[in-house]
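Report on one structure; see the data block that follows.
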Amino acid sequence: MPIENLKRRIKVTEDLREIVGTMKALSSVSILQYEQANTALESYRNTLKDAFHALVRQGGAPQNIQPSGNNRQLVILIGSDNGMVGKFNKEIIDMAKTDLRRQGVATKDVLFLTIGKRIGSIAAQNNFRLYAKYAVANSVKMVNTIAETVIMKIDEAVRKEHVGIVSVWYHKRRKNMPINVQKQQIIPFDLSAYKKLKDKPWGTNNIPLIPVERKKMFTALLNEYLTIALASQLNYSLAAEHYTRMTNMQNAEKNIDKSLEEMNLSYQQERQENITDELIDVISGAEAVK
């Protein structure tokens, strides 16, 4: 390869190396943001548990808060709208299909809600019945907005489509463990744990006064709790997405560094050969003159 072409290739590869490094750094910062957001949500979740505790201590949980025994399912799939994440979206689709097949449920009898345009497209290619589809949040601030919008859509599905089971599929990374696909059922809501709160002593002698009608208050707390749960799942998914991208960028960096090392070595060899050829020409010319 001519030395000038090799020089251009090295320059292009060095520019690519810089871009990959920037992407890796951005993903690293994003992971921290989404993990911090989930830490804050966990603190708020504990506050909600205290509110449930106070409510249950004053009369117990309502008995008729759940959807009326309908087995129709709404499956929520959280994917990625960006590249460099491998089979991130396909894994979610495949796991959901396998789970439904294990239940003996046909996908045509299930409603799907997708968060992510790419996973929405894959779901449509698989002939899933798309009840709604949304874009993935591109910032921590947008996560709660999307969660609130999806919770309203779930409420609509329960009322209009007689949905009784809602489950969420998403990626999650635990510390020092690989990323894996998670499923969490958020409806029907498990009331048993909260009914047990009636026998749990309150921390002080003063139980908070709740002046709102019990069922109305419980419904409001439940919607808030579900919103927090979905926001946490979105944060987990986004953190896992950025971790996958960061890992891929690290591997790309290693490959680029290896290529740069080989190209620089070739460049030095080619340059040395050119210098040697020029010296030989000069010496040959001098000898000819003599």
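Atoms OG1 and CD1, from Thr149 and Ile154 in turn, are 11.0 Å apart once rounded to the nearest 0.5 Å. Here the CD1 atom belonging to Ile186 is positioned 6.0 Å from the CD atom belonging to Gln233, to the nearest 0.5 angstrom. Atom OG of Ser30 is separated from atom CE of Met246 by 10.5 Å, given to the nearest 0.5 angstrom. Taking CE from Met142 and CG from Leu234, the interatomic distance works out to 10.5 Å, rounded to the nearest 0.5 Å. Distance check: Asn223 CG to Phe189 CZ gives 10.5 Å after rounding to the nearest 0.5 Å. Interatomic distance, Asn126 CG to Lys90 NZ, rounded to the nearest 0.5 Å: 8.5 Å.
Clustering ILVMFWY residues whenever any of their side-chain heavy atoms sit less than 4.5 angstrom apart, transitively, puts Leu230 in the very cluster that holds Tyr44. The cluster map of Ile, Leu, Val, Met, Phe, Trp and Tyr, joined by side-chain heavy atoms under 4.5 Å apart, puts Met23 and Tyr243 in different clusters. Residues Ile256 and Leu26 do not share a hydrophobic cluster, clusters being chains of Ile/Leu/Val/Met/Phe/Trp/Tyr side chains in contact below 4.5 Å. Note: the hydrophobic cluster containing Leu222 does not contain Met152 (ILVMFWY, side chain heavy atoms under 4.5 Å, direct or indirect links). Connection of Ile115 to Ile179 is not established within any shared hydrophobic cluster, with ILVMFWY side chains joined at heavy-atom distances below 4.5 Å, either directly or through further cluster members.
Taking 4.5 Å as the limit, every side-chain heavy atom of Asn144 sits out of range of all side-chain heavy atoms of Thr227. Using a 4.5 Å heavy-atom cutoff, the side chains of Ile165 and Leu74 are not in contact. Side-chain contact between Arg271 and Ile3: present, with at least one pair of heavy atoms (C-beta onward) separated by less than 4.5 Å. Using a 4.5 Å heavy-atom threshold, the side chains of Arg173 and Ile31 count as touching. Side-chain contact between Glu14 and Met263 is absent, with no heavy atoms from C-beta onward closer than 4.5 Å. With a 4.5 Å cut-off on side-chain heavy atoms, Gln33 and Val29 count as touching. At a threshold of 4.5 Å between non-hydrogen side-chain atoms, the residues Thr98 and Arg101 count as touching.
Side chains of Gln185 and Ser167: no donor on one and acceptor on the other come within 3.5 Å. Side-chain polar atoms of Arg45 and Ser232 form a donor-acceptor pair below 3.5 angstrom. Between the side chains of Lys172 and Asn180, not a single donor N or O lies within less than 3.5 Å of an accepting N or O. In this model, a donor atom of one side chain and an acceptor atom of the other lie less than 3.5 Å apart for Asp99 and Gln103.
Annotation: Met84, atom CE; neighbour count of heavy atoms from other residues, nucleotides and ligands within 6.0 Å does not exceed 12. Crowding of Glu42 atom CD: a count of heavy atoms from other residues, nucleotides or ligands under 6.0 Å exceeding 12. A 6.0 Å sphere centred on NZ of Lys117 holds no more than 12 heavy atoms belonging to other residues, nucleotides or ligands.
Smallest separation of non-hydrogen atoms from Pro188 and Gly164: CD-O, 3.5 Å. Residues Arg72 and His162 come closest through the heavy atom pair CB-O, 3.7 Å. For Asn235 against Ala37, the heavy-atom pair with the smallest separation is ND2-CB, 3.8 Å. Taking each heavy atom of Thr114 and Gly120 in turn, the nearest pair found is OG1-CA, 3.5 Å. Here the closest heavy-atom approach between residue Ala231 and residue Asn38 is recorded as O-OD1, 4.3 Å. The minimum heavy-atom distance linking Ser237 with Ile78 is given by the pair OG-CG2, 3.4 Å.
Glu156 and Arg159 are not joined by a salt bridge, as no carboxylate oxygen comes within less than 4.0 angstrom of a charged side-chain nitrogen. A salt bridge is absent between Arg9 and Glu4; no separation between the charged side-chain nitrogens and carboxylate oxygens falls under 4.0 Å.
Listed by first and then second residue, the side chain to side chain donor-acceptor pair (under 3.5 Å) pairs that reach into residues 248-263 are Arg17-Glu253, Arg17-Asp257, Lys24-Glu253, sequence neighbours excluded.
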>> Let's go through Glu241 and Ser80 carefully: what are the C-alpha distance in whole Å and the side-chain angles of both, what is the deciding distance for side chain to side chain donor-acceptor pair (under 3.5 Å) to 0.1 Å, and is it a yes or a no?
In response: CA-CA 7 Å; Glu241 173 190 334; Ser80 166; 3.2 Å; yes
>> For a side chain to side chain contact (heavy atoms under 4.5 Å, CB included) check, start with the C-alpha distance between Lys153 and Tyr134, then their side-chain angles and the critical distance, and finish with the verdict.
In response: CA-CA 11 Å; Lys153 200 66 179 176; Tyr134 302 95; 3.5 Å; yes
> Do Lys108 and Asn127 pass the side chain to side chain donor-acceptor pair (under 3.5 Å) test, and can you show the C-alpha distance, the side-chain angles, and the key distance before you say yes or no?
Replying inline: CA-CA 8 Å; Lys108 64 182 180 63; Asn127 298 318; over 6 Å; no
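Lys7 is linked by a side chain to side chain donor-acceptor pair (under 3.5 Å) to nothing, counting only residues two or more places apart in sequence or in another chain.
Judged purely by atom type and a 3.5 angstrom limit, His242 has no side-chain atom pairing as donor or acceptor with the backbone of Tyr34. At distances below 3.5 Å, at least one donor-acceptor pair connects side-chain atoms of Arg245 with backbone N or O atoms of Gly83. Proximity of a side-chain donor or acceptor of Asp81 to a complementary backbone N or O of Arg118 within less than 3.5 Å is detected.
Cluster note: Leu130 groups with Val75, Leu77, Ile92, Ile93, Met95, Leu100, Val105, Val110, Phe112, Ile119, Ile122, Phe128, Trp169, Val181 through ILVMFWY side-chain heavy atoms spaced under 4.5 Å, whether in direct contact or through intervening members.
The distance between the ring centers of Tyr236 and His171 does not fall below 6.0 angstrom.
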